[in-house]
Visitor: 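The following block contains the structure, expressed as structure tokens.
Both counts, for ligands and for their atoms, begin at 1 and track the order of listing.
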Amino acid sequence: MNNPHVVIIGGGITGLVAAYRLHQLYASETEGAISCTLVEKEGRLGGKIQTKRTDAYTLEVGPDSIFTRKPAGVEFMKEIGLHDTMIPVSSQGGTLVWHQGKLHPLPPGIQTGVPSDLSAFAKTKLVSLQGKARALLEVLLPHVPYPDDVSVGEFLRKRLGNEIVDTLAAPLLSGIYAGDIDHLSLQATMPMLRELYEKNARLLLGAVRQRKRVSSVSRLSGPMFITLEHGLEQLVDHVVSQITEYTDVKVNTQALDIQLTSDGKYYIHIVEEGRESLVPADAIILATPAFDSAVLLGGLEIDVRKLKTIRYASTATVSFGYTRPSYAFSLVGSGFLVPRHEGMSITACTVVSNKWVHASKKGTLLIRCYVGRDGDEEAVTWDDEKLIRKVKEDLEKTTGLKDEPEFVHIKRWESSMPQYDVGHLQRLEQIDQEIAKLPGIFLAGAAYRGMGIPDCIQDATRVSQHVKNYLHE
Ligand code: FAD
């Protein structure tokens with residue numbers, strides 16, 4: 001009998017790590033191996049991970065960092081031998097928030113949007129006296145159990161008031177999901193907040209106690225974010241170099257649909273540089289965005305409506321490089337966030353040369369601005385000229401920077417950020433139940449169990465094990 005053949009659709013980090021894991025799982029098998037094909041519709045691998053390198057800059061146009069508190073990311077890097085190339089985020093200056101015409105430092109202990117360092121919170125100019133009083137009132141509010149999922153916004157607004165949510169929590173969360181805090185699921189995105197609340201009966205008390213408990217540990221456990229010396233594409237290149245020996249990697253190859261014959265065999269209908277063919281598969285991993293997966297599964301006997309309800313937001317990154325900035329750029333932090341109600345085109349800005357000192361030549365300045373978030377995506381559709389003009393206006397207003405950049409790079413990410421809306425986990429269960437009607441087909445990637453790179457790596461690991469279990473049933 002031939003070795004089972006697994007087809008992975010999608011060559012983003014999820015699909016690539018799935019191919020790597022499958023090989024690992026079978027490398028130790030004494031009998032029977034698998035053959036594996038990975039198809040990617042674009043001409044390059046890595047999906048959202050894209051690094052542009054010039055003589056002066058290493059610029060990420062997609063993700064720029066790996067969150068270390070979710071260990072799957074860093075552990076994987078170490079495992080594949082990238083340990084020596086990991087670069088910690090610069091600890092200088094922290095993050096700022098644009099508020100009423102000025103940039104203010106984000107007070108320490110507010111990472112989840114809930115103040116855990118009350119003396120720092122008392123001093124911040126980001127929240128008015130009334131806003132602070134309203135947040136502190138939380139300790140006097142009765143404990144109300146939340147039986148079902150709610151939005152992070154609803155939960156936090158009820159406990160801490162609107163001001164702190166709109167000024168601090170919403171931009172922080174928007175930075176991760178490009179999301180709307182009043183739609184994002186508490187269970188799926190911030191389950192630790194609910195847990196803090198349930199354990200301590202009050203959110204503020206829980207946050208303060210937790211900070212005290214973990215502060216000494218986190219000081220020891222290193223930087224919260226890392227990148228790689230040559231950018232995150234180094235991760236992609238490294239995984240690719242390790243899988244090509246045993247995986248047939250096809251770029252410029254789009255999967256069009258999946259067909260199931262009466263004898264229970266799957267075929268993937270692909271188009272490879274204009275030529276259509278059918279590729280047989282014993283198991284299939286769909287490591288594609290949910291809307292693409294819904295199309296691929298559309299001809300099979302399952303209900304893909306739930307899959308289609310996973311919404312996506314569009315964003316863009318607009319980056320500027322200044323070789324000899326005449327303006328004495330004084331912003332010391334890694335960048336700043338812009339709350340929705342401030343009415344700007346940019347949602348956030350990273351001063352790349354501060355955040356990742358190695359990423360630009362000494363004396364140059366590299367800045368990356370973001371536009372677009374859930375419900376506020378018009379800027380992504382502007383033409384280049386308008387987009388650059390608007391972003392530059394915002395940059396001048398916030399930082400005073402007027403210089404003409406020598407280097408401009410725009411990357412539009414249409415429908416790129418999956419939104420974990422209220423009810424996401426229940427939706428996921430229903431999707432899993434439907435997919436289970438197609439034995440041998442598995443879904444993985446950013447749309448489901450976490451959208452960060454560490455989550456995608458973990459999901460790829462999970463799904464490869466499922467494939468192996470299935471093939472050995
Ligand atoms: P993708 O990277 O989307 O890969 C899916 C692949 O499937 C794509 O290459 C696509 O071309 C291919 N495909 C789709 N349909 C087909 C088909 N029919 N046939 C063949 N191929 C197909 N995460 C972090 O951890 N840190 C960050 O700093 C961070 N910042 C981000 C900033 C931006 C601007 C964006 C957009 C995302 C960011 N993320 C960040 C999120 C993270 O980058 C993504 O969630 C993750 O890379 C998604 O990986 P994936 O493999 O699941 O999907």
Visitor: Could you note down all residue pairs passing ring pair (Phe, Tyr, Trp, His ring centres under 6.0 Å) where residues 270-293 supplies at least one of them, sequence neighbours left out?
Guide: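 Matches after skipping sequence neighbours: F291-Y312.
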
Visitor: Looking only at heavy atoms, what is the nearest atom pair of L186 and D149, with distance?
Guide: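 The answer is N-OD1, 3.3 Å.
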
Visitor: Does the protein put a heavy atom under 4.0 Å from atom 26 (N) of ligand 1?
Guide: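 Within 4.0 Å: yes, protein heavy atom nearby.
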
Visitor: Identify, by atom number and element, the atoms of ligand 1 in contact range of V39, meaning under 4.0 Å from any of its heavy atoms.
Guide: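 Listed by number with element, the hits are 20 (C), 21 (N).
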
Visitor: Find all atoms of ligand 1 within a distance of less than 4.0 Å from any non-hydrogen atom belonging to S65, and give their numbers and elements.
Guide: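 Answer for ligand 1: 24 (C), 25 (O), 26 (N), 27 (C), 28 (O).
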
Visitor: List the residues meeting side-chain hydrogen bond (donor to acceptor under 3.5 Å, both in side chains) with K392, not counting sequence neighbours, and say none if there are none.
Guide: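 For K392 the side-chain hydrogen bond (donor to acceptor under 3.5 Å, both in side chains) partners, ignoring immediate neighbours, are E404.
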
Visitor: Tell me which one of G15, A287, A178 gets a heavy atom nearest to atom 5 (C) of ligand 1.
Guide: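 The nearest heavy atom belongs to A287.
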
Visitor: Against heavy atoms of E42, which atoms of ligand 1 measure under 4.0 Å?
Guide: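 Heavy-atom distances to E42 below 4.0 Å select 11 (O).
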
Visitor: In terms of atom number and element, which parts of ligand 1 are under 4.0 angstrom from non-hydrogen atoms of A446?
Guide: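 So the atoms of ligand 1 that pass are 45 (O), 48 (C), 52 (O).
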
Visitor: Just which atoms of ligand 1 are under 4.0 Å from any heavy atom in D64?
Guide: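 Numbered from 1, ligand 1 contributes 27 (C), 28 (O).
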
Visitor: Report the nearest protein non-hydrogen atom to atom 16 (C) of ligand 1: residue, atom name, distance rounded to 0.1 Å.
Guide: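 The protein heavy atom lying closest is T288 CG2, 3.6 Å.
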
Visitor: Report the member of A255, S293, A18, P63 with the shortest heavy-atom distance to atom 40 (C) of ligand 1.
Guide: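 Nearest option to atom 40 (C) of ligand 1, by heavy atoms: P63.
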
Visitor: Quick check on contacts: which atoms of ligand 1 are under 4.0 angstrom from a heavy atom of D292?
Guide: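 Heavy-atom distances to D292 below 4.0 Å select 14 (C), 15 (N).
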
Visitor: With a 4.5 Å cut-off on side-chain heavy atoms, are T461 and F76 touching?
Guide: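 No, their side chains stay 4.5 Å or more apart.
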
Visitor: Run the contact test for W413 against ligand 1 with a 4.0 Å cut-off on heavy atoms, strictly below, and give the result.
Guide: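 Yes; W413 lies near enough to ligand 1 that a heavy-atom distance drops under 4.0 Å.
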
Visitor: For atom 11 (O) of ligand 1, what's the nearest protein heavy-atom neighbour? Residue, atom name and distance, please.
Guide: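 The answer is E40 OE2, 2.7 Å.
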
Visitor: Hey, which atoms in ligand 1 end up nearer than 4.0 Å to a heavy atom of G445?
Guide: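 Contacts of ligand 1 toward G445, numbered from 1: 52 (O).
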
Visitor: Could you give the distance from CD (Q50) to CG (L45), rounded to the nearest 0.5 Å?
Guide: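 One finds 11.5 Å between CD of Q50 and CG of L45.
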
Visitor: Using heavy atoms and a 4.0 Å limit, tell me yes or no: is T253 in contact with ligand 1?
Guide: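 It does; at least one heavy atom falls under 4.0 Å.
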
Visitor: Considering only non-hydrogen protein atoms, determine which one is nearest to atom 41 (C) of ligand 1 and report residue, atom name and distance to 0.1 Å.
Guide: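 Nearest protein contact, heavy atoms only, for atom 41 (C) of ligand 1 is M451 O, 3.4 Å.
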
Visitor: Centroid-to-centroid, Y322 to F407, below 6.0 Å?
Guide: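 No: the rings miss the under 6.0 Å criterion.
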
Visitor: Can you tell which part of I9 has a heavy atom less than 4.0 Å from ligand 1: side chain, backbone, both or neither?
Guide: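 Side chain only.
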
Visitor: Evaluate the salt bridge (Lys or Arg N to Asp or Glu O under 4.0 Å) criterion for residues E434 and K437: first the C-alpha distance (whole Å), next the side-chain angles of each, then the deciding distance (0.1 Å), finally the verdict.
Guide: CA-CA 6 Å; E434 280 303 309; K437 295 177 188 165; 2.7 Å; yes

Visitor: Got a donor-acceptor contact below 3.5 angstrom from the R449 side chain to the D455 backbone?
Guide: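 Looks like no, no N/O pair under 3.5 Å.
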
Visitor: To which of S314, G372, G12 does the heavy atom nearest atom 4 (O) of ligand 1 belong?
Guide: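 The nearest heavy atom belongs to G12.
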
Visitor: In Å and rounded to the nearest 0.5 Å, what is the CD1 to CE distance from I457 to M77?
Guide: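 One gets 6.0 Å once the value is rounded to the nearest 0.5 Å.
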
Visitor: By the definition side chain to side chain contact (heavy atoms under 4.5 Å, CB included), identify the one residue from V380, V371, D376, D374 that meets it with S314.
Guide: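 So, applying the side chain to side chain contact (heavy atoms under 4.5 Å, CB included) to S314 and each of V380, V371, D376, D374, only V380 qualifies.
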
Visitor: For atom 49 (O) of ligand 1, which protein heavy atom lies nearest, and how many Å away is it?
Guide: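 Minimum-distance protein heavy atom for atom 49 (O) of ligand 1 reads I13 CG2, 3.6 Å.
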
Visitor: Near G62, which atoms of ligand 1 are under 4.0 Å from a heavy atom of that residue?
Guide: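 Heavy-atom distances to G62 below 4.0 Å select 32 (C), 33 (C).
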
Visitor: Where does M417 meet ligand 1, judged by heavy-atom distances below 4.0 Å: at the side chain, the backbone, both, or neither?
Guide: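 Only the side chain of M417 comes within reach of ligand 1.
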
Visitor: Quick check for you: to the nearest 0.5 Å, what is the distance between D257 atom CG and Q259 atom CD?
Guide: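 Atom-to-atom, D257:CG and Q259:CD are 5.0 Å apart.
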
Visitor: K361 and D55: salt bridge (Lys or Arg N to Asp or Glu O under 4.0 Å), yes or no, with the steps?
Guide: CA-CA 8 Å; K361 265 195 183 156; D55 286 346; 5.9 Å; no

